[in-house]
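Order of the sequence lines fixes the chain letters, A, B, ..., with proteins taken first and strands second; residue numbering starts at 1 for each chain. Given the structure is predicted, the values throughout are model-derived calculations rather than measurements.
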Amino acid sequence: MQVKQLHPWPTTTAEAEAVQDRLRGRVELTGPVDFSLVAGLDVHYHGDDALTAAVVVLDAGTMATVEEVTVRGRVAFPYVPGLFAFRELPALVEALERLPVTPDLLVCDGYGLAHPRGFGLACHLGVLTGLPALGVGKTPFVGTHEPPGPERGDWAPIVHEGAVVGRALRTQRAIKPVYVSQGHRISLDTVTDQVLRLAPRYRLPDPIRRADHLARHPG
DNA sequence: GCGACAG
DNA sequence: ATCTTGTCGC
């Protein structure tokens, strides 16, 4: 699939923050509710600055894997909380460009709107591709929330600076919740529906689990 | 002011 | 993210 060009690439935190502030206005918070091809994305790190990005596309109806792509690369930016996306964006974009199909939902490992400047990895990938995107975090990042109820499907809003930016969502009974937020062209209700649907058996959505496995054990 | 801070 | 053993539960 085709992805918008990344350059110019930031070299300082101020430049990276400026990129986020500039692209933030392009995020759309409504979009489709049904998806047929869902992509999971993840990155695995080796040593100091080597990484492998993986994208797995699955059929949303059957949950069968349709396409898999891995790309080896280098860390593209130092790790700074809030600028995490710049580490892995080039490798993830290259993996998406090598995909022979265009997915209609990106399931990202990290945050979307629930981010210090409202523009996490899921927003960035959504805006660059123009595709609906959502973010799934494994630990709380910004904002505050009550613990969700214990049942699968229970959730609590994540509030940051007076606005609801995501949800703490229980995907399995009595298992630690995941932290979901909108990336691009999707509503928070649809994010919740999709993450629940894509995580029928484990805490994390299947597309992310498969991408994680692929990044660790490339073809 | 200080520490903590997605992966 | 990664460095790491055993243990509990399905």
Whole angstroms only, please: what is the CZ-P distance between R87(A) and dT2(C)?
11 Å

Rounded to the Å, how far apart are F84(A) CZ and dG7(B) C1'?
4 Å

Side chain of R216(A) - closest among dT2(C), dA6(B), dG7(B)
dT2(C)

Do the two ring centres, one from F77(A) and one from W9(A), sit under 6.0 Å apart?
no

Point-to-point distance, once rounded to the nearest 0.5 Å, from CD of E88(A) to CG of L51(A)
7.5 Å

Which one of R210(A), R209(A), H217(A), R216(A) satisfies the side chain to side chain contact (heavy atoms under 4.5 Å, CB included) criterion with H213(A)?
H217(A)

R74(A) with D49(A): basic N within carboxylate O range, under 4.0 Å:
yes

Separation of F141(A) atom CZ from dC5(B) atom P, in whole Å?
10 Å

What contact category does G120(A) fall into here, base, sugar-phosphate, or nothing, at under 4.0 angstrom with non-hydrogen atoms?
base

Contact under 4.0 Å: H44(A) side-chain N or O vs dG7(B) OP1/OP2
no

Report yes if a side-chain nitrogen or oxygen of T139(A) is closer than 4.0 Å to either non-bridging phosphate oxygen (OP1 or OP2) of dG7(B); otherwise report no.
yes

Rounded off to whole Å, could you give me the CD1-to-P distance for the I175(A) and dG9(C) pair?
13 Å

May I have the distance from Y79(A) (atom OH) to dA6(B) (atom P), rounded to whole angstrom?
4 Å

Once you apply a heavy-atom cut-off of 4.0 Å, does L121(A) come out as touching a base, just sugar-phosphate, or nothing?
base

Gap between atoms CG and C1', on L125(A) and dG7(B) respectively (whole Å):
13 Å

Could you state the atom-to-atom distance from CD of Q172(A) to P of dC10(C) in whole Å?
13 Å

On DNA chain C, does the nearest nucleotide to K138(A) precede the nearest nucleotide to R201(A) from the 5' side, or the other way round? Give the residue.
K138(A)

If you check the Y111(A) side chain, which of dA6(B), dT2(C), dG7(B) turns out closest?
dA6(B)

Gap between atoms OH and P, on Y179(A) and dC5(B) respectively (whole Å)
13 Å

Determine the contact category for G82(A): base if any of its heavy atoms lies under 4.0 Å from a base atom, sugar-phosphate if only primed atoms, P, OP1 or OP2 are that close, otherwise nothing.
base

Please say which of L131(A), D34(A), I186(A) ends up in a side chain to side chain contact (heavy atoms under 4.5 Å, CB included) with L105(A).
I186(A)

